[in-house]
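For reference, the structure is listed below as structure tokens.
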Amino acid sequence: MAKISAPAALILASFLFIFCYASTTVSSQPSNSSDPFLKCLSSSIPSQLVLTPSSPSFTPLLRFSIRNPKFFASTTVRPLYIVTPTNASHVQSAVLCGRQAGMRIRVRSGGHDYEGLSYRAERPQPFAILDLSNLRSVRVDAPSATAWVDSGAQLGELYYAIGKASVQLGFPAGLCPTVGVGGHFSGGGFGMLLRKYGLAVDNVIDAVLVDAKGRLLNRTTMGSDVFWAIRGGGGESFGVVVSWQVRLVPVPPKVTVFNVAVSASQGAVDVVTRWQQVAPALPEDLFIRVVVQQQTASFQSLFLGTCDALLPLGTCDALLPVMRCRFRELGLKMNRTQCQEMTWIQSVPYFYPGTGSDGTTVEYILNRTTSLSTYAKMTSDYVRKAIRRDAWESIFATWLARLDAGIMILDPYGAAISNVSEHETPFPHRAGVLYNIQYVNVWFDGGGGGAAQFKWIREFYAFMEPYVSSSPREAYFNYRDLDLGENVVVGNVSSYEAGKVWGEKYFRDNYRRLAAAKDEIDPDDYFRNEQSIPPLGLGNNK
Ligand SMILES: Cc1cc2nc3c(=O)[nH]c(=O)nc-3n(C[C@H](O)[C@H](O)[C@H](O)COP(=O)(O)OP(=O)(O)OC[C@H]3O[C@@H](n4cnc5c(N)ncnc54)[C@H](O)[C@@H]3O)c2cc1C
Ligand SMILES: *[C@@H]1O[C@H](CO)[C@@H](O)[C@H](O)[C@H]1NC(C)=O
Ligand SMILES: *[C@@H]1O[C@H](CO)[C@@H](O)[C@H](O)[C@H]1NC(C)=O
Ligand SMILES: *[C@@H]1O[C@H](CO)[C@@H](O)[C@H](O)[C@H]1NC(C)=O
Ligand SMILES: *[C@@H]1O[C@H](CO)[C@@H](O)[C@H](O)[C@H]1NC(C)=O
Ligand SMILES: *[C@@H]1O[C@H](CO)[C@@H](O)[C@H](O)[C@H]1NC(C)=O
Ligand SMILES: *[C@@H]1O[C@H](CO)[C@@H](O)[C@H](O)[C@H]1NC(C)=O
Ligand SMILES: *[C@@H]1O[C@H](CO)[C@@H](O)[C@H](O)[C@H]1NC(C)=O
């Protein structure tokens, strides 16, 4: 089977697999201490689940799911403790002890946060990590097409369990198998099925949450505002989401995949220009994203149907099936060899091959081991009005041609993701959005600390301003970027007003409702980080 062969895929492949420790077994005891947090925990959590920096397994465990070595430097603000709960009552104890002892907690599921906020802080402060990597069961109920998944599971584990249960069920979430369910779901979550089934959170039916009072709550008992807030507003502001119940979605027994590369000399500028309007308007079964790197645009596609429905590309008349006709409008030159049929679960490694995988072995999506070698900087935009051809010309000729250029990933919206109100969940990038842009730039050890890559991304982001959404310039919360702004703590509470600068970019006017939900569940702002939702009532006065 052919792999995605574009250079972008190679860079991505290495960027994807940044690390994981084979075993999270923890053997050492916490040091004896008079720290009130440890004292409190010692009566409620088995001591081997609490690590202090003197434990031999502390550093390996801290590294366990760090994806970006930028946040594992000597200057990184690290946690004082790591708590590794194995059940929900340990999570409750950790929160209660944290409150009682004045120790703040950062929750880590898969550790993929682009700014590392699940395990490091921007400024010196004492905190403990609540690492959920031992809370990762997946329970699929195929007859009802539902599943319960713990936050510490990785997406690959969820997909694999679904694939085992039925070849005709899937779930609409992200591409990278090592992304954690906890952060991904609470920030929205989208991938190749987004046009047919929307976001991961559009398919969440229940959740179990531990709040700042240590209560164990479900959909009903947490209340509708909080249940709304955790489905896209970021979990870290509202408590610890322990597990999620999701609706699984039907997929055909065979899906079609292809990856067609078009270089600038073959007309990439024209195809990308057309793609902007064609891809978001295609029938919902056809998803075509673009990865643009250097002078090549790679069109990566998942079609919930057979190759026959797409090819051959004939004349677009009344006799041609609608799908084939609409696909043809894109002007991609494609032959039968490039079009492959496989099960949905096989498409997961196809789209995310990565190190040590030939893209065909499904078991690889269970692998949590990666290397800590690729540094990365990302940011995002939303496009509501197609970008003019001449602007694409200069993007290719200037920005993508630079020596330190990164890549652009364009994900088309429309259909299911745009079919629900922007107030249905905190995720507001719905009707009217043509596509999402993710900017990615990577570097390696000795790469000058990424100065050139940061410069490229920041200058390119400034250049793009006239072409993308405005007032506010929207951004995707799961592609977190502290360049957009950070909380300001006034008294001991994050300021609502100051948070608007980043909050309205991620959430538009849902930011205010999120702050109201924060008031209900955590008015003291115990759960906080550099971009957590501030409480409305208290912060409003500052
Ligand atoms: C290689 C790579 C590929 C990606 N691909 C995609 C993609 O295809 N689609 C997409 O939508 N996104 C994608 N992302 C972004 C990804 O969705 C986010 O980074 C997501 O937040 C990661 O979740 P996590 O559990 O791994 O992260 P973590 O770093 O563990 O957590 C992220 C944030 O959520 C909080 N949090 C984590 N768990 C919980 C919990 N249980 N309760 C409350 N708060 C919690 C953390 O405190 C932190 O603030 C990708 C990221 C990477 C690094
Ligand atoms: C821990 O320290 C306390 C007081 O400092 C002492 O009473 C206790 O015996 C110590 N426990 C262990 C296991 O060393
Ligand atoms: C969690 O584990 C502890 C042992 O550490 C056990 O005593 C407790 O009953 C468990 N709680 C639940 C809800 O399973
Ligand atoms: C939530 O918890 C309440 C109280 O324990 C219970 O009655 C209810 O059945 C639970 N589940 C849902 C989905 O509300
Ligand atoms: C199909 O396209 C691929 C890639 O462009 C090319 O290598 C191959 O020769 C083509 N096959 C046919 C039958 O045209
Ligand atoms: C997991 O991936 C790593 C490299 O990313 C590889 O070295 C290792 O062999 C893989 N493990 C399994 C069980 O496939
Ligand atoms: C959009 O919403 C309508 C009405 O709820 C529904 O009938 C249709 O199937 C939806 N389309 C998609 C692609 O989800
Ligand atoms: C913050 O201050 C308020 C009022 O002074 C207090 O009630 C609250 O407990 C404090 N919160 C924390 C987390 O210390």
Side-chain angles (χ1 to χ4, degrees), residues 1-6 9 88-89 92 139 141 144 146-148 170-172 190 192-211 213-228 230-231 239 241-247 249-252 256-263 265-268 271 279-288 296-305 307 310-313 322-323 326 331-340 412-425 427 430-433:
M1 194 183 74
K3 292 194 298 177
I4 294 175
S5 55
S89 59
Q92 293 177 275
R139 302 169 296 277
D141 184 46
S144 69
T146 60
W148 274 101
F171 189 71
F190 62 76
M192 304 299 287
L193 291 173
L194 76 87
R195 303 192 68 254
K196 177 80 174 187
Y197 296 116
L199 300 170
V201 285
D202 293 339
N203 297 280
V204 165
I205 37 194
D206 199 353
V208 174
L209 175 80
V210 172
D211 76 356
K213 294 197 174 98
R215 294 177 301 186
L216 193 64
L217 305 171
N218 66 19
R219 173 183 186 144
T220 308
T221 52
M222 77 180 75
S224 56
D225 293 336
V226 175
F227 185 61
W228 175 84
I230 59 170
R231 286 175 296 149
V241 186
V242 177
S243 51
W244 309 78
Q245 188 185 28
V246 293
R247 187 189 311 119
V249 301
V251 289
T256 293
V257 302
F258 61 83
N259 178 39
V260 178
V262 182
S263 67
S265 59
Q266 293 166 328
V271 189
L282 285 168
E284 68 208 36
D285 286 338
L286 183 54
F287 176 84
I288 305 177
T296 303
S298 297
F299 294 81
Q300 304 179 349
S301 180
L302 175 69
F303 173 50
L304 302 172
C307 290
L310 290 177
L311 297 177
L313 297 167
V322 65
M323 183 64 75
R326 300 294 298 283
L332 262 194
K333 293 196 181 63
M334 182 172 134
N335 65 37
R336 180 65 64 152
T337 325
Q338 286 162 297
C339 181
Q340 300 174 59
Y413 278 24
I417 197 167
S418 304
N419 204 17
V420 297
S421 146
E422 72 174 68
H423 304 296
E424 186 72 26
T425 70
F427 180 95
R430 304 277 195 173
V433 167

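Counting starts at 1 for both ligands and their atoms, in listed order.
Take Asp206 and apply the salt bridge (Lys or Arg N to Asp or Glu O under 4.0 Å) test, not counting sequence neighbours, and it matches no residue. When the side-chain hydrogen bond (donor to acceptor under 3.5 Å, both in side chains) test is applied to Ser265, the partners found at least two apart in sequence or on another chain are Ser263. Evaluation of the ring pair (Phe, Tyr, Trp, His ring centres under 6.0 Å) rule for Phe427 yields His429, Tyr476 as partners, not counting sequence neighbours.
Protein residues lining ligand 5, listed by chain and number: Asn335, Thr337, Gln338 [non-hydrogen atoms, distance under 4.0 Å].
Near Asn419, the atoms of ligand 7 lying under 4.0 angstrom from a non-hydrogen atom of the residue are 1 (C), 2 (O), 3 (C), 8 (C), 10 (C), 11 (N), 12 (C), 14 (O). Proximity to Asp206 (heavy-atom distance under 4.0 Å) selects the following atoms of ligand 4: 13 (C).
By the 3.5 Å distance cut-off applied to N or O atoms, Asn218 is counted among the residues near ligand 4.
Proximity of Arg430 to Val420: side-chain heavy atoms (C-beta onward) are separated by under 4.5 Å at one or more points.
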Test Leu310 against Leu286 for side chain to side chain contact (heavy atoms under 4.5 Å, CB included), laying out the working first.
CA-CA 10 Å; Leu310 290 177; Leu286 183 54; 4.1 Å; yes

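Look at Glu284 and Lys196 and you find a salt bridge, because one of the NZ, NE, NH1 or NH2 atoms lies within 4.0 Å of a carboxylate O, short of that distance.
Aromatic pair Phe258/Phe303: ring centres not closer than 6.0 Å.
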